[in-house]
> 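Below you will find the structure I want to go over with you.
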Amino acid sequence: MKMGEYIRELETYVASRKLNLGDGESVLSLLYEAYGDINPMYDDQIKADFAELYQALNGMPLREMDRIVNPVCALCRDHERNGFAHGVQVGIRLVQE
């Protein structure tokens with residue numbers, strides 16, 4: 001998606017919703033949530049990686065698998081959000097310079 005398309009989609013997204021800052025952290029959180037809605041990140045590589053993880057957990061009881069998979073998913077989500085926020089901050093800094 002080109003930047004102009006993303007900006008138009010973001011404007012549509014923001015206009016169609018009451019201002020909701022997600023966890024109340026910042027407008028940057030709202031940008032991240034909007035980006036995630038517009039650009040689903042569950043691609044073939046992620047599917048393959050999860051298949052490999054589940055294969056490694058094969059034979060474990062479901063509750064034990066959940067004790068491993070749930071923190072892994074939370075860790076991935078948090079790193080993705082932090083990477084997005086850092087990228088936007090770096091972009092803004094570059095524009096300022």
> For the pair Glu64 (side chain) and Pro61 (backbone), establish whether a donor and an acceptor sit closer than 3.5 Å, ignoring hydrogens and angles.
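Such a contact is absent between Glu64 side chain and Pro61 backbone.
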> Could you tell me whether Arg77 atom CZ has more than 12 heavy atoms of other residues or ligands within 6.0 Å of it?
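Atom CZ in Arg77 is crowded, with more than 12 foreign heavy atoms closer than 6.0 Å.
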> Nearest 0.5 Å, please: how far is CE in Met3 from CD in Glu5?
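Rounded to the nearest 0.5 Å, the CD-CE separation comes to 11.0 Å.
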> Roughly how far, to the nearest 0.5 Å, is the CD1 atom of Ile7 from the OG1 atom of Thr12?
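It is 12.0 Å, given to the nearest 0.5 Å.
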> What distance do Met60 atom CE and Arg67 atom CZ have between them, rounded to the nearest 0.5 Å?
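One finds 9.0 Å between CE of Met60 and CZ of Arg67.
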> Between Asp78 and Arg81, does at least one N-O distance fall below 4.0 Å, as a salt bridge requires?
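Looking at Asp78 and Arg81, the cut-off is met.
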> Would a single hydrophobic cluster contain both Leu75 and Leu53, if residues Ile, Leu, Val, Met, Phe, Trp and Tyr are joined by side-chain heavy-atom contacts under 4.5 Å?
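No, separate clusters.
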> Return the CG to CD distance between Asn82 and Gln89, rounded to the nearest 0.5 Å.
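Nearest 0.5 Å value for the CG-CD distance: 9.5 Å.
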> Rounded at 0.5 Å granularity, tell me how far CZ in Phe50 sits from SG in Cys76.
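Going from CZ on Phe50 over to SG on Cys76, the span is 6.0 Å.
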